[in-house]
Amino acid sequence: MLCYWKQRQRGAVLLVSLVFLLLMSLAALAGVGSAASQERMVANLQQRNLSFQAAEAGIRWVEQQIRISALPLPTRRCELAEITVGSMAGWQPLPISEGSKLRSGDVQLWYRLERIGKSTIPVRVAVSSPSMLYRLSVLSLSGTSRTVLEATYAHTRL
C-alpha cells in the first residue's frame with residue numbers, strides 16, 4: 001500500500017510546481033509592465049524639462065539681443081515685429097548662428113516681440129524715465145512637448 005501512495009503523489013508535485021511557476025511569471029510580467037510605464041513617464045518628463053529650459057534660454061537670448069539693439073522692435077502698439085517669410089503667424093525662428101547654442105537634439109525655438117505701450121515708472125527699473133514695454137514670447141517645440149514662455153520687457157533709453 002505504501003508504494004501505491006507514492007505513485008499517486010508524483011503528479012501532484014508537478015502540478016504545484018507549475019502553479020508556482022505561473023504565479024511567478026505573472027508577477028514578473030507585472031513588474032516589467034510597471035517598469036516600462038515608469039520609463040515612458042521619465043522620458044516625457046525629460047522632454048518637457050528640455051523644452052522648458054530651451055524656452056527659458058530663448059527668452060534670455062531675445063532680451064540680450066534687445067539690449068544690444070540687434071533685433072528690430074515694433075514701432076506701433078500691439079504690432080508684432082517684422083514677420084519673416086516662412087514663419088508661423090508672427091513667430092520667427094531663432095537665427096541658426098545664435099540659436100544653435102540653445103538647440104539640443106530636436107528642440108526648435110521660435111520667438112516674437114509685441115509692443116505693449118509706454119510706462120513712466122516700470123516695475124524693477126532703477127531709473128524712473130519713460131520706458132517702452134514689450135511682450136517677449138518664446139515657443140519651444142521638443143517632440144510632442146510644447147512650451148510657451150512670455151516675459152514683459154521694459155526698454156529704457158537713457
Problem set entry | Criterion side-chain contact (heavy atoms from CB on, under 4.5 Å) on Leu139 and Leu109, from CA distance to verdict | CA-CA 6 Å; Leu139 169 65; Leu109 291 170; over 6 Å; no

Problem set entry | Partner residues of Gln46 under the side-chain hydrogen bond (donor to acceptor under 3.5 Å, both in side chains) criterion, sequence neighbours left out | none

Interatomic distance, [X] atom [atom1] to [Y] atom [atom2] [nearest 0.5 angstrom]:
{"X": "Trp61", "Y": "Gln65", "atom1": "CH2", "atom2": "CD", "value": "4.5 Å"}
{"X": "Phe52", "Y": "Leu149", "atom1": "CZ", "atom2": "CG", "value": "5.0 Å"}
{"X": "Leu21", "Y": "Leu26", "atom1": "CG", "atom2": "CG", "value": "9.5 Å"}
{"X": "Ser137", "Y": "Ile59", "atom1": "OG", "atom2": "CD1", "value": "6.5 Å"}
{"X": "Arg115", "Y": "Met132", "atom1": "CZ", "atom2": "CE", "value": "3.5 Å"}

Exercise. Tell me, which pairs form a side-chain hydrogen bond (donor to acceptor under 3.5 Å, both in side chains) where one or both residues lie in residues 14-39, sequence neighbours left out?
Worked result: none

Problem set entry | Test item: Pro93 and Tyr111 side chains (from C-beta on) under 4.5 Å apart, heavy atoms |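 Side chain of Pro93 against side chain of Tyr111, heavy atoms only: no contact under 4.5 Å found.
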
Exercise. What do the steps show when you test Gln47 against Thr144 for side-chain contact (heavy atoms from CB on, under 4.5 Å), and what is the final call?
Worked result: CA-CA 8 Å; Gln47 191 174 46; Thr144 58; 3.6 Å; yes

Problem set entry | Side chains of Ser140 and Thr147, donor plus acceptor under 3.5 Å | no

Exercise. Under 3.5 Å, is there a donor-acceptor pair between the side chain of Glu150 and the main chain of Arg135?
Worked result: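 Judged by distance alone, no pair lies under 3.5 Å.
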
For this session: Not counting sequence neighbours, list each pair that qualifies as a salt bridge (charged side-chain N to carboxylate O under 4.0 Å, His left out) and has a residue in residues 47-69.
Result: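 Matches after skipping sequence neighbours: Arg60-Glu63.
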
For this session: Check the pair Tyr153 / Leu113 against side-chain contact (heavy atoms from CB on, under 4.5 Å), numbers first and verdict last.
Result: CA-CA 10 Å; Tyr153 185 84; Leu113 300 171; over 6 Å; no

For this session: In sequence, state the C-alpha distance, the side-chain angles, and the governing distance for Leu45 and Asn49, and then conclude on side-chain contact (heavy atoms from CB on, under 4.5 Å).
Result: CA-CA 6 Å; Leu45 182 63; Asn49 284 340; 4.0 Å; yes

Exercise. Only one of Leu71, Leu73, Thr152 clears side chain to side chain contact (heavy atoms under 4.5 Å, CB included) with Tyr134; which?
Worked result: Leu73

Seminar exercise, completed: All heavy atoms of Leu94 vs all of Gly58, minimum pair found to be CD1-CA, 4.3 Å

